[in-house]
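Inspection log for the structure reproduced underneath, given as C-alpha cells.
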Amino acid sequence: MRWLWFALGWLMVGLGVIGALLPVMPTTIFLILAVGCFARSSPKFEQRLLAHPRYGPSLRLWREQGAVSRKGKAFASAGMAVGFVLFCWGAHPSWRLLLGVGLFFAASAGYVLSRPAPRLDPTPLVDVGDAETRAARRRASTPDSDGTPDDAAC
C-alpha cells in the first residue's frame with residue numbers, strides 16, 4: 001500500500017508542477033495532497049516539500065492551522081475566475097454545463113475564502129486564564145534551592 005501512496009504523491013507533485021506553469025490550474029492544493037500522500041509513504045519527500053523555499057510556508061500553514069493567507073485567497077479566487085472566463089470563451093459550453101462549472105468554481109472559492117487567516121502568534125489554542133495552565137507555568141519557572149529553574153537542573 002505504501003508504494004501506492006508514493007506513486008500518488010508523485011502524481012500530485014507532477015500536477016502541482018503543471019499548475020505552477022499554467023495559470024488556470026492550481027498548484028498548492030496538489031502539493032497539499034502530495035504532502036499527505038508522502039506522509040503515508042515517504043517522510044523524506046514529505047519533509048522536502050514542507051521545507052521548500054517557495055511552497056513550504058503555505059504547506060506548513062495549512063497543516064498546522066488549516067489556514068490560507070489573504071494573498072493565497074486572492075490568487076485562488078482570481079485564478080478560478082480567470083479559469084471560468086477562459087472556459088466560457090474557449091469551450092462555448094451549453095448553459096447546463098456552464099451552470100455546473102460555475103457552481104463548482106463558486107463552491108470551491110467559497111471554501112477557500114471560508115478558511116481562517118493565519119494566526120501571527122503561534123501560541124497554542126489553550127485558555128491562558130485556565131488555572132491549571134497558570135499553575136504549570138509557575139511550577140516551571142519556580143527556582144530550586146540553588147536559584148535555577150526546575151527545568152534547568154536537568
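Hydrophobic clustering of Ile, Leu, Val, Met, Phe, Trp and Tyr side chains at less than 4.5 Å, counting indirect connections, keeps Phe104 apart from Leu86. Linking ILVMFWY residues whenever their side-chain heavy atoms come closer than 4.5 Å, directly or via other members, leaves Phe75 and Val17 in distinct clusters.
Grouping Ile, Leu, Val, Met, Phe, Trp and Tyr by side-chain contacts under 4.5 Å, direct or through others, puts Trp5 with Met1, Trp3, Leu4, Leu8, Leu11, Met12, Leu15, Ile18, Leu22, Met25, Ile29, Phe30, Leu33. Clustering of Ile, Leu, Val, Met, Phe, Trp and Tyr side chains at separations under 4.5 Å places Leu99 together with Trp95, Leu103.
The heavy-atom pair separating Thr28 from Leu59 by the smallest distance is O-CD2, 4.2 Å. In this structure, Pro118 and Val68 approach most closely via the heavy-atom pair CD-O, 3.6 Å. Gly66 approaches Pro116 most closely through the heavy-atom pair O-CD, 3.4 Å. Taking every heavy atom of both residues into account, Ser69 and Leu61 meet most closely at N-CD2, 4.3 Å. Gly9 and Ala34 get closest at one heavy-atom pair: O-CB, 3.6 Å. Residue Leu98 comes nearest to Cys88 through the heavy atom pair CD1-SG, 3.0 Å, listed as atom of the first residue, atom of the second, then distance.
A cation-pi arrangement, defined by a distance under 6.0 Å to the six-membered ring centre and an angle within 45 degrees of its axis, is absent between Arg2 and Phe6.
For Phe87 and Phe105, the ring centers sit 6.0 Å or farther from each other.
For Phe84, the ring-ring contact (aromatic ring centres under 6.0 Å, His included) test picks out no residue, with sequence neighbours left out. The salt bridge (charged side-chain N to carboxylate O under 4.0 Å, His left out) search around Arg63 returns Glu46, not counting sequence neighbours.
For residues 66-88, the set of pairs meeting the salt bridge (Lys or Arg N to Asp or Glu O under 4.0 Å) definition, not counting sequence neighbours, is empty. Residues in residues 29-45 take part in no side chain to side chain donor-acceptor pair (under 3.5 Å) pair, two or more places apart or across chains.
A perpendicular orientation is assigned to the rings of Trp10 and Phe38, their planes being inclined by more than 60° (bins at 30° and 60°).
Proximity of a side-chain donor or acceptor of Ser77 to a complementary backbone N or O of Ala109 within less than 3.5 Å is not detected.
Using a 4.5 Å heavy-atom threshold, the side chains of Leu31 and Val35 count as separate. Contact annotation: the side chain of Pro93 never approaches that of Val101 to less than 4.5 Å [non-hydrogen atoms, C-beta and beyond].
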For Trp62 and Arg115, what are the C-alpha separation, side-chain angles and deciding distance, and is it a side-chain contact (heavy atoms from CB on, under 4.5 Å)? CA-CA 10 Å; Trp62 177 260; Arg115 298 301 88 205; 3.7 Å; yes
